[in-house]
Amino acid sequence: MVLEVAEIKVTPGQEDAFKEAYRSARELVKVSPGLRTMRMTQGIESPSRFVLLIEWDSVEAHEQGFRETDRYLKWREAIGPYFAQPPLVEHFEDVD
């Protein structure tokens, strides 16, 4: 299992619109093969800062099973207009 962590900075004042776009578009991601869990969090001290946390079976499940599909393009069309800058996306694995 790998954890995708995406730090998303939204244009100030657009937080509610971003959350609504996310809620409408998240099913595009959730149906991806290899997806285990998905959640979006919003900063309390920094409300324009969001962190998306997705557990995947593997990095390949994320990159090939989602990012190389039309669903990814639709996902970005839905939430991308609210980005203040490109998100920082990285993968992590548990330390035993």
Side-chain angles (χ1 to χ4, degrees):
M1 187 277 303
V2 298
L3 177 65
E4 171 196 357
V5 178
E7 180 182 358
I8 302 168
K9 294 184 179 175
V10 171
T11 303
Q14 295 294 305
E15 296 88 355
D16 288 340
F18 172 76
K19 289 189 288 189
E20 190 56 39
Y22 164 76
R23 289 181 187 116
S24 297
R26 66 182 161 198
E27 288 303 316
L28 294 165
V29 184
K30 284 188 167 188
V31 299
S32 298
L35 184 138
R36 294 181 180 199
T37 65
M38 176 178 179
R39 71 188 256 222
M40 178 74 76
T41 63
Q42 182 178 16
I44 294 171
E45 292 82 10
S46 303
S48 295
R49 184 174 178 228
F50 292 79
V51 177
L52 175 64
L53 302 164
I54 303 179
E55 290 181 324
W56 296 96
D57 286 343
S58 64
V59 173
E60 293 76 24
H62 174 216
E63 293 180 350
Q64 296 166 7
F66 177 60
R67 281 200 143 184
E68 293 180 5
T69 70
D70 289 340
R71 291 187 323 279
Y72 174 73
L73 297 175
K74 291 176 184 175
W75 163 255
R76 286 302 294 256
E77 286 175 11
I79 65 170
Y82 304 102
F83 295 168
Q85 62 192 55
L88 173 62
V89 180
E90 296 182 324
H91 297 99
F92 296 83
E93 59 187 1
D94 290 340
V95 177
D96 294 330

Using modelled atom types only, decide if a donor and an acceptor are shared between the side chain of Gln42 and the backbone of Pro47 within a distance under 3.5 Å. yes
Atom NZ of Lys74 and atom OG1 of Thr69: how far apart are they, to the nearest 0.5 Å? 9.0 Å
Between Met40 and Ile79, is the side chain to side chain contact (heavy atoms under 4.5 Å, CB included) condition met? List the steps. CA-CA 12 Å; Met40 178 74 76; Ile79 65 170; 5.7 Å; no
Heavy-atom check, side chain of Lys9 versus side chain of Leu88, under 4.5 Å: no
Under 4.5 Å between side-chain heavy atoms, hopping through other hydrophobics if needed: is there a path connecting Leu3 to Val59? no
Looking at Ile8 and Pro87, what are the two nearest heavy atoms and their distance? CG1-CB, 4.0 Å
Over all atoms of both residues, closest heavy-atom pair of Ala25 and Ala78: CB-CB, 3.7 Å
For Arg36 and Asp57, the nearest pair of non-hydrogen atoms, with its separation, is NE-OD1, 2.7 Å
Plane angle bin for Phe66 and Trp75 - parallel if under 30°, tilted between 30 and 60°, otherwise perpendicular: perpendicular
Would the distance check show the side chain of Glu20 and the main-chain N or O of Phe18 forming a donor-acceptor pair, the cut-off being under 3.5 Å? no
By the definition side chain to side chain contact (heavy atoms under 4.5 Å, CB included), identify the one residue from Val89, Val29, Leu35 that meets it with His62. Val89
How close do Pro33 and Trp56 get, counting heavy atoms only, and between which atoms? O-CZ3, 4.1 Å
Please round to the nearest 0.5 Å and tell me the distance separating atom CE of Met1 and atom OG1 of Thr37. 7.5 Å
Residue Glu93 excluded, over 12 heavy atoms near CD under 6.0 Å: no
Indicate yes or no: at least one non-hydrogen side-chain atom of Ser58 is less than 4.5 angstrom from one of Gln64. no
What distance do Ser24 atom OG and Lys19 atom NZ have between them, rounded to the nearest 0.5 Å? 13.5 Å
Exam field: side chain Arg71 to backbone Gly65, donor-acceptor pair closer than 3.5 Å: yes
Verify the cluster assignment for Tyr22 and Val5: are they in a single hydrophobic cluster under the rule of side-chain heavy atoms below 4.5 Å apart? no
Using the rule that Ile, Leu, Val, Met, Phe, Trp and Tyr join whenever any side-chain heavy atoms are under 4.5 Å apart, tell me whether Met38 and Val51 fall into a single cluster. no
